[in-house]
Amino acid sequence: MNTQFPIAAFKNIETPFYYYDMDLLNETLATARREASKYEGFHIHYAVKANFNPMILEAVREQGLGADCVSGGEVNAALRAGISADKIVFAGVGKTDKEIALALDAGIFCFNIESIPEVEAIERLASERNVVTNVAIRVNPNVGAHTHANITTGLAENKFGVNYEQLDEVIDVIESCNHLKLIGLHFHIGSQILVMDDFIALCSRINELQSLLRENRSIVLPHINVGGGLGIRYDAPDEYDIPDFALYFQTYAKHLCLQKGQQLHFELGRSLVGQCGSLITRVTYVKRGSRKQFAIVDAGMNDLVRPAMYGAYHKIENLTSCKECELYDVVGPVCESSDVFCKDIELPATDRGDFFAIRSAGAYGEAMAFGYNCRALPKAYYSDTI
Ligand SMILES: *Cc1c(COP(=O)(O)O)cnc(C)c1O
């Protein structure tokens with residue numbers, strides 16, 4: 001039985017809810033910041049989309065990290081949390097005029113642009129405001145992250161970024177714009193990457209590209225942004241509670257050839273917040289089918305969609321039983337066959353009212369919750385105030 005959870009307090013709270021271990025969150029953020037600071041010019045921008053809960057954003061701000069946003073709403077959330085505009089970068093293939101305008105008015109650090117029509121839209125809106133704004137080109141490096149197809153973003157077939165063949169044209173268009181300053185190149189190859197080989201492959205693509213730009217166009221840009229993507233160990237949340245940030249930053253320091261004075265930006269999401277969150281749920285019924293035994297819990301795919309959407313694995317623990325193990329499918333109440341958290345797992349014999357913790361749910365959990373079946377959005381509780 002896992003004793004790190006305040007079960008007595010849980011018993012007075014309506015389930016399901018997210019529970020955040022704030023000590024682990026702060027230690028994770030501090031470790032990442034400390035490891036990055038060992039290298040000159042390394043900067044971390046927290047990928048807000050992983051979890052935009054205000055308490056999480058506040059912890060991010062306290063550690064002095066910047067923010068990586070993919071919508072106007074996220075830019076606003078970062079600003080509201082007190083993250084200063086000059087540490088905010090804004091990516092996304094479909095930035096609307098309204099979103100661009102709000103980011104320009106806030107004076108964010110940089111737009112990561114993904115197409116020529118977007119460049120034109122930012123130029124027009126910046127010109128109307130008579131401001132000059134920084135842009136970086138999001139380049140599609142055609143590097144495959146060995147991860148789930150839906151979270152691979154750096155292949156030629158993906159909608160993200162500018163392909164190599166179009167790069168010259170995009171640079172020309174930006175250079176013809178009076179209100180845009182090209183300051184960097186941006187990359188992001190995908191998510192939940194646990195082998196450093198994918199990041200090493202990205203480094204060599206960037207090295208090639210930097211040499212080409214330098215030789216063919218005499219361009220050296222002051223900023224390189226390598227995105228995020230560092231994974232977490234969903235199979236062992238307690239043994240690997242803090243990801244190996246030392247190895248991650250060291251990999252970039254070793255394999256990426258930065259030019260003199262060049263700043264390196266990282267956009268980490270999952271690795272910073274994934275392990276600190278759990279979805280806490282009660283068992284509503286134990287149902288014995290003809291071939292299966294189901295633990296039907298009161299959390300559903302609307303509270304945590306990753307298993308249904310990506311086939312993702314989350315470790316599940318029974319917090320209130322230490323009986324002999326039996327085999328269960330852990331399922332939610334939503335009227336969809338995909339509302340399954342885990343199939344055929346061994347759990348201590350379970351009764352109605354038992355508490356389960358669905359672990360490693362701090363990233364892309366609460367942030368992706370939705371209201372299908374008229375279900376209320378899950379609430380959140382924190383280890384320091386529960
Ligand atoms: C989602 C995203 C990230 C963060 O990815 P993680 O896998 O959570 O680290 C970083 N940059 C961009 C552009 C993204 O879309």
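Residue indices begin at 1 and follow the sequence shown. Both counts, for ligands and for their atoms, begin at 1 and track the order of listing.
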Aromatic plane relationship, Phe42 with Phe266 - under 30° parallel, 30 to 60° tilted, over 60° perpendicular: tilted
Derivation of the salt bridge (Lys or Arg N to Asp or Glu O under 4.0 Å) call for Lys95 and Glu118: CA-CA 7 Å; Lys95 304 178 191 78; Glu118 183 192 340; 2.5 Å; yes
What protein heavy atom lies closest to [atom]? Include the residue and the distance to one decimal.
| atom | value |
| --- | --- |
| atom 8 (O) of ligand 1 | Tyr364 OH, 2.5 Å |
| atom 5 (O) of ligand 1 | His188 CE1, 3.4 Å |
| atom 4 (C) of ligand 1 | Ala47 CB, 3.4 Å |

Any Gly229 heavy atom less than 4.0 Å from ligand 1: yes
Residue portion contacting ligand 1 (non-hydrogen atoms closer than 4.0 Å) for Asn112: neither
Per-residue contact class, Ser191 against ligand 1 - non-hydrogen pairs under 4.0 Å: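 Both backbone and side chain of Ser191 come within 4.0 Å of ligand 1.
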Ring pair (Phe, Tyr, Trp, His ring centres under 6.0 Å) involving His43 - partner list, sequence neighbours excluded: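 Here the qualifying residues are His265.
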Ring pair (Phe, Tyr, Trp, His ring centres under 6.0 Å) involving Tyr234 - partner list, sequence neighbours excluded: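 By the ring pair (Phe, Tyr, Trp, His ring centres under 6.0 Å) rule, Tyr234 matches His314.
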With a cut-off of 4.0 Å, which atoms of ligand 1 are near a heavy atom of [X]?
| X | answer |
| --- | --- |
| Arg270 | 6 (P), 8 (O), 9 (O) |
| Arg138 | 13 (C) |
| Gly269 | 6 (P), 8 (O), 9 (O) |
| Gly228 | 9 (O), 10 (C) |

Carboxylate-amine/guanidinium proximity below 4.0 Å for Arg124 and Glu128: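 Salt bridge: yes.
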Ring centres under 6.0 angstrom apart (Tyr248, Phe199):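 Yes, the ring centres sit under 6.0 Å apart.
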Centroid-centroid distance, Tyr285 to Phe294, less than 6.0 Å: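 No - the distance between ring centres of Tyr285 and Phe294 does not fall below the 6.0 Å cut-off.
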Short N or O distance, Leu230 and ligand 1, threshold 3.5 Å exclusive: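 Looking only at distances, the answer is no, because the N/O contact criterion of under 3.5 Å is not met.
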Gly227 N/O to ligand 1 N/O under 3.5 Å: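 No, Gly227 has no N/O under 3.5 Å of an N/O on ligand 1.
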Arg375-Asn302 side chain donor-acceptor pair, cut-off 3.5 Å: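 Yes, Asn302 and Arg375 have a side-chain donor paired with an acceptor closer than 3.5 Å.
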Options His186, Lys49, Glu267, His45, ranked by nearest heavy atom to atom 14 (C) of ligand 1, top entry: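 Comparing heavy atoms across His186, Lys49, Glu267, His45, the nearest one to atom 14 (C) of ligand 1 lies in Lys49.
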Aromatic Phe341 / basic Arg306 pairing, under 6.0 angstrom, 45° off normal: no
